[in-house]
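A short write-up of the structure that comes next.
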Amino acid sequence: MIELALDVVSWVLLAVGGACVLIGGIGGLRLPNFYTRIHAASLTDTMATLLIFVGMMLQSGLSLATLKLFAIMLFLLLTGPTATYALANAALLSGLKPEGDTGQSKHGENTQP
Amino acid sequence: MIYVFALFLLTLLVITAVAIVRTENLFVAVMLTSIFSLLMAANFFILDAADVALTEAAVGAGVTTVIFLSALALTGDWEKPRPGGRTVALGTVGVLAMLLIYASFDKPRLGDPEAPVHQHVAPWYLEKTPEYMDIPNVVTAILSSFRGYDTLGEVFVVFAACIGVLFILGVKPARQTAAAPQPVSGLRHHLIPQVVGRLLVPFIVLFGLYVQFHGEYGPGGGFQAGAIIATGVILYALLEGEAEALRAVPRSVLLALVVGGALLYGAVGVVCMLKGGAFLDYSVLAADPVFGQQLGILVIEAGVGMAVCGALLSIFHAFAARESMT
Amino acid sequence: MKLLELLGYYNYWVFAVVLTVGLYAVIRKRNLIKKLIGLSIFQSAVFLLYITMDKVEGGTAPIIQKGVPDQVFSNPLPQVLILTAIVVGVSTLALGLAMVVRIKESYGTIEEHEILGAD
Amino acid sequence: MYIVVSIAILVTMVLALVRALLGPTVYDRVLAVNVFGTKTVLLLSVIAFLYGRPDFLDLALAYALINVVGILAVLEFFQDRFRKQERVDSD
Amino acid sequence: MTFMEHLPALQVVVPMLSAPLIVLLQPRGLAWAGATAAGLASFAIAIALAMAVLDGQTQVYAMGGWAAPYGIALEVDAFSALVLLLVTGAGAAALLAARVSVDRQIEPERQPLFYAAWLLGLAGLAGIVVSADAFNIFVFMEISSLASYILIAGGPDRRALPAVFKYLIMGTIGATFYLIGVGLIYMMTGTLNLADMQARIGDVVALNPILVAAGFITIGLALKAAVFPLHVWLPNAYTHAPHMVTVFLAACATKVALYVLIRFDSMVFQDRLSDHEFQFTLFALPLAVLGILVASSVAMFEGHLKRLLATSSVAQIGYILLGASFVSEAGITASAMHMFNHALAKGGLFLAVACLAFHFRDLRLSELGGAARRMPLTCAALVVCGLSLIGVPGTAGFISKWLLITAALESGLWGWSLVAVILVSSLMAVVYIWRIVEALYFQQASAEGDTSFAEAPLQLLLVTWAVALLNIFFGLFPHLPLALANGSAALLVGGAP
């Protein structure tokens with residue numbers, strides 16, 4: 001009985017995690033400019049990772065694999081937002097101004113340093 | 001079921017390869033190259049090559065991207081487009097492609113067990129490894145003992161690359177910039193990456209050591225460990241600045257690591273000779289041949305790890321020092 | 001059945017295409033760094049050829065698990081060869097980039113036609 | 001169940017690759033590479049479970065650690081060029 | 001296992017393990033001394049191996065104690081003993097003479113790295129010749145290639161860098177083609193050991209991949225050996241390399257690639273693939289003839305002395321391929337002998353060029369006026385080696401030209417035209433050697449050049465003269481190399497065990 005419950009919970013978590021990943025991916029593609037796309041990317045980094053890994057941990061029960069899964073989740077949650085922050089910081093410093101309400105970023109051209 | 005993944009990832013691979021060749025901004029090409037190596041590692045993993053995927057990950061994502069970027073920083077990152085017809089190049093290359101695809105129909109289908117590859121030498125390895133070495137990871141057993149001579153050659157290829165880069169970049173650049181080479185401050189004012197990085201570096205080096213000594217039981221070994229530890233120290237150099245990293249791991253230590261690793265590997269072979277076995281025959285190292293094999297594999301994996309880590313780091317420092325000069 | 005049959009050869013076709021893309025870049029492009037990138041793609045294709053050989057239907061990676069009886073394993077030998085070839089590729093790449101840096105300093109350019117023109 | 005998740009991750013990788021190819025500004029491409037790296041970690045862990053060989057998670061762990069080095073190297077590269085441009089403009 | 005049985009392994013291990021040691025020897029003179037000691041040791045091992053092979057026992061060495069198809073086997077038979085003598089001899093001789101010339105061209109703090117790369121090159125080439133495992137040959141081919149890129153990149157002027165970059169690109173493509181060929185053969189036969197491959201390739205049903213593999217291996221090794229259409233990297237690389245590096249590489253680097261091509265072709269593909277002899281001859285013969293004629297004619301009009309000799313090397317490689325393409329016992333003997341004799345002749349010529357470089361900054365023929373009066377001994381040695389290159393009777397070159405002509409006659413109806421080609425190209429060789437002699441002896445010294453007697457340093461001069469005398473000695477008493485060449489021909493084509 002417990003077994004079945006665990007399975008169902010982890011299936012649900014995995015499904016929602018998968019959906020989150022998909023939403024993040026689509027967001028990354030359709031959003032107008034750089035700073036909005038960074039939100040979409042960070043969504044997948046944190047939420048989807050959390051859901052998928054917890055779902056898998058439930059599946060693998062108490063074992064070395066669970067410890068590894070926990071370590072991977074921890075490092076992903078640690079490094080993902082850092083990288084996104086550093087990226088946004090570098091973009092801001094080098095002059096890519098976030099948009100007010102025009103929606104289309106002034107510096108759209110490719111030769112942005 | 002694996003066909004779906006294989007099909008999917010291989011198509012992505014081809015798209016990325018074509019995109020790399022077509023783009024003219026070299027920086028974009030380097031970014032796509034790191035995606036290319038991510039895809040290669042995923043493909044290897046699906047085709048049951050866990051060790052190779054780990055090597056491609058450790059070497060491709062970390063070290064290759066960093067070396068390419070430091071070379072781009074020293075040269076320009078724009079490519080002058082080449083006008084004119086590309087029919088000749090496309091023609092010769094197209095003929096080669098047709099020839100290869102034509103020849104591929106006689107090759108054994110992906111994964112069929114009757115292929116000659118699986119009949120002759122491979123079953124012997126799979127059967128004899130538990131008997132001679134009693135270690136789970138057959139790839140490490142072949143890499144270090146059955147074909148240990150190849151890996152010795154491999155360590156000396158890395159050694160040659162290291163002394164080659166030191167030799168070629170040993171020449172001072174002609175026009176030394178008037179200003180004293182100001183210390184390359186790492187991502188100084190990026191406080192958050194610095195804090196997280198300082199937290200991360202010990203774990204990367206610890207994971208590198210884990211991969212080093214876990215080589216017999218799971219995917220891992222000398223090459224992967226050396227590359228991961230080198231990536232850890234490179235991360236420290238990126239965050240704290242290259243001068244700081246040199247203080248932590250000075251050049252003399254790096255040279256000692258490379259030379260020590262190569263000599264350690266060779267010394268194990270010579271000791272086997274002196275003890276009456278053939279070159280690199282570890283079973284003579286200890287009374288019980290199986291224990292001798294395990295001891296030999298452990299020591300030469302340590303030698304490989306030292307050599308690869310020292311070589312990759314001295315290559316990185318050679319390029320980074322060049323950047324601060326010009 | 002025919003489609004599944006053809007799928008078996010898909011890896012070899014990708015090997016052929018990626019090999020020719022790499023070779024095209026090396027022959028066609030004049031920027032020295034782009035030639036090196038083409039060279040590394042060219043070598044990656046060869047790795048794909050070797051690793052495609054080792055897959056056995058339903059086999060897992062050749063790491064023998066103690067408890068599990070008579071497991072089908074993939075072939076470990078091509079993986080050993082490719083471990084060596086990857087490190088050879090990186091070493092050649094590092095040496096090539098060191099030469100490109102020196103060429104840039106002495107010639108001021110890394111476009112092949114300008115270098116040949118300079119001498 | 002794992003198959004559904006891995007297909008979702010594969011589709012996201014395709015979307016990230018499209019962003020990397022199209023991306024107008026260079027930072028979009030760096031973002032795409034970052035997303036691609038994270039998705040590879042997820043894909044490798046899910047496939048490790050799909051194959052029933054959980055001891056292959058080392059590979060995903062390695063990628064989780066190393067992926068960030070590539071991104072920070074890129075930002076260091078940009079910072080250098082930005083500082084070099086400042087020096088060129090100033091003198 | 002006695003010391004004698006370890007020799008095949010020691011042949012590679014001695015130079016390879018001494019390379020890292022030399023990197024640690026910072027004091028300048030010590031690096032050269034260590035390198036020369038290791039070079040001479042490996043030459044002594046090669047001589048001992050040749051002696052052992054001459055009295056009949058081919059050495060087989062199972063590396064790591066594992067039997068042949070499962071582990072890596074080393075095998076030293078007549079052919080590999082001959083090429084080993086050639087490689088280690090050229091390496092040791094060039095190292096002996098290297099100190100003075102290298103001190104002028106490489107800064108002291110970079111010299112330990114230079115000599116370590118030199119020993120790695122020597123170990124790589126010896127590793128290829130000794131190994132009997134297809135993938136092991138690839139690994140050692142990479143070691144020797146990387147080492148020769150480093151050595152050439154040490155060249156004094158800036159033109160060395162683009163030359164060595166082109167060599168790196170073409171060399172890596174060649175090595176990767178070879179890797180694809182080995183992969184395809186492994187895919188169809190399941191083994192990497194050469195002898196095992198020979199046994200198992202017969203029962204391969206689907207021949208397509210094997211033919212494609214033969215194509216890839218031949219083209220890859222032709223690229224490495226600078227066979228005619230794929231030789232564009234060689235002239236620039238040898239011209240702009242440091243003088244002593246040109247001596248070492250010109251004598252043995254390309255010949256080892258030809259050695260692998262001949263061994264692969266005659267052992268693996270030959271008697272198992274139907275009408276493969278015809279295909280190999282159809283491929284190799286025209287390339288060899290074209291190579292000989294075009295390269296010799298280009299050499300005739302070349303202004304720079306070193307580039308002239310490098311282009312003539314391409315022609316001489318054409319001779320070796322010509323011998324191999326007959327696929328007969330006489331043919332293989334002729335090509336093996338020419339490998340040996342060309343190494344002697346070309347090594348001597350480039351040593352003489354290194355001596356000339358001491359007093360003549362610019363090595364163009366127009367600038368070398370009055371060299372004979374200022375450096376009589378060097379020019380005399382250059383003339384002796386030039387005669388051996390042409391193939392004047394009494395010198396080593398004559399022996400191999402003679403064997404080539406007999407092999408050509410033996411090979412049937414095309415024989416006479418091939419003999420004509422050999423004679424015409426020998427005439428062309430006479431022309432370009434005469435142009436050198438005329439520039440050295442009869443050209444007036446340029447106005448401001450001083451004409452005082454100024455010979456090259458003694459050490460360099462002694463080695464140059466030693467090689468010149470060897471040219472003559474092996475011209476008169478060719479028993480040792482001839483016995484090895486005959487043994488290798490019998491082994492490869494004659495089907496002897």
Side-chain angles (χ1 to χ4, degrees), chain B residues 99-100 102-108 115-122 124-125 128 132 142 145-154 156-157 159-161 163-168 170-171 255-256 258-263 265-267 269-270 272-273 276-284 307, chain E residues 1 5-6 9-10 13 16-17 19-21 23-24 61-66 69-72 74 107 109-110 112-114 116-117 120 123-124 127 131 133 135-136 139-140 142-143 146-147 149-150 153-154 161 184 186-192 196 200 204-209 211-212 215:
Chain B
L99 187 100
L100 275 170
Y102 167 70
S104 71
F105 287 107
D106 288 343
K107 297 178 188 162
V117 167
H118 308 306
Q119 312 310 329
H120 182 46
V121 177
W124 186 84
Y125 286 135
K128 286 289 188 281
Y132 285 128
I142 301 173
S145 173
F146 291 123
R147 292 186 70 91
Y149 187 53
D150 265 354
T151 316
L152 177 70
E154 195 38 52
F156 278 90
V157 166
F159 174 75
I163 60 169
V165 171
L166 293 180
F167 180 77
I168 291 175
V171 181
L255 197 62
V258 177
V259 168
L263 282 182
Y265 199 120
V270 171
C272 296
M273 261 205 215
F279 186 72
L280 290 178
D281 179 3
Y282 311 128
S283 38
V284 295
Chain E
M1 290 174 74
E5 284 166 5
H6 281 306
L10 283 177
V13 161
M16 196 142 83
L17 288 191
L21 289 176
V23 169
L24 298 178
Y61 188 90
M63 189 57 82
W66 308 110
Y70 306 114
I72 297 169
L74 305 184
E107 302 86 5
E109 71 278 0
R110 288 201 312 164
L113 296 174
F114 180 78
L120 277 181
S131 162
D133 182 278
F135 187 78
N136 198 261
V139 172
F140 279 95
E142 277 304 321
I143 292 181
L146 281 179
Y149 303 149
I150 300 168
L161 292 167
L184 291 174
Y186 170 68
M187 183 189 287
M188 301 318 280
T189 60
T191 169
L192 284 170
D196 206 15
R200 290 175 64 83
V204 169
V205 174
L207 274 188
N208 262 343
L211 289 177
V212 170

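Order of the sequence lines sets the chain letters (A, B, ...), proteins ahead of strands, with each chain counted from 1.
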Inset, instruction - Select one option (side chain, backbone, both, neither) describing which atoms of B:Val165 are under 4.5 Å from chain E's heavy atoms. - result: neither

Legend entry - B:Tyr132, part contacting chain E, at a heavy-atom distance under 4.5 Å: side chain

Inset, instruction - Find the one option among B:Trp124, B:Phe156, B:Tyr102 whose heavy-atom pairs under 4.5 Å with chain E are most numerous. - result: B:Trp124

Legend entry - chain B contact via E:Phe140 - side chain, backbone, both or neither, heavy atoms under 4.5 Å: side chain

Legend entry - chain B contact via E:Ile72 - which portion, at a heavy-atom distance below 4.5 Å: both

Legend entry - Parallel, tilted or perpendicular: rings of E:Tyr70 and B:Tyr125 (30°, 60°): perpendicular

Inset, instruction - Identify, with sequence neighbours excluded, every residue that meets side-chain contact (heavy atoms from CB on, under 4.5 Å) alongside B:Ala122. - result: C:Asn75, C:Pro76

Inset, instruction - Among B:Val284, B:Ile142, B:Leu100, single out the residue with the greatest number of heavy-atom pairs under 4.5 Å to chain E. - result: B:Leu100

Legend entry - Which atoms of E:Ala19 approach chain B - backbone, side chain, both or neither, heavy atom under 4.5 Å: both

Inset, instruction - Just give me the residue among E:Leu192, E:Asn136, E:Val212, E:Val139 that pairs up with chain B most often, heavy atom to heavy atom, under 4.5 Å. - result: E:Asn136

Inset, instruction - For residues B:Phe159 and E:Pro20, report the shortest heavy-atom separation together with the two atoms involved. - result: CZ-CA, 3.5 Å

Legend entry - Contact check, side chains of E:Leu74 and B:Tyr149, non-hydrogen atoms, under 4.5 Å: yes

Inset, instruction - For chain B, find which of E:Leu161, E:Val13, E:Thr189 contributes the most heavy-atom pairs closer than 4.5 angstrom. - result: E:Val13

Inset, instruction - Could you pull out the closest heavy-atom pair between E:Arg110 and B:Phe167, with the gap in Å? - result: NH1-O, 2.6 Å

Inset, instruction - Give, as side chain, backbone, both or neither, the part of E:Ala62 having an atom under 4.5 angstrom from any heavy atom of chain B. - result: backbone

Legend entry - Non-hydrogen atoms of E:His6 and B:Ala278 that approach each other most closely: CE1-CA, 4.2 Å

Legend entry - B:Leu99 CG to E:Leu211 CG distance, which is reported to the nearest 0.5 Å: 10.0 Å

Inset, instruction - Look only at the side chain of E:Tyr61 and the backbone of B:Phe279, and say whether a donor-acceptor pair between them is shorter than 3.5 Å. - result: yes

Inset, instruction - Identify which part of E:Phe114 has an atom lying under 4.5 Å from any heavy atom of chain B, answering side chain, backbone, both or neither. - result: both

Legend entry - Reported CG-to-CD1 distance for the pair E:Leu120 and B:Ile163, which is rounded to 0.5 angstrom: 5.0 Å

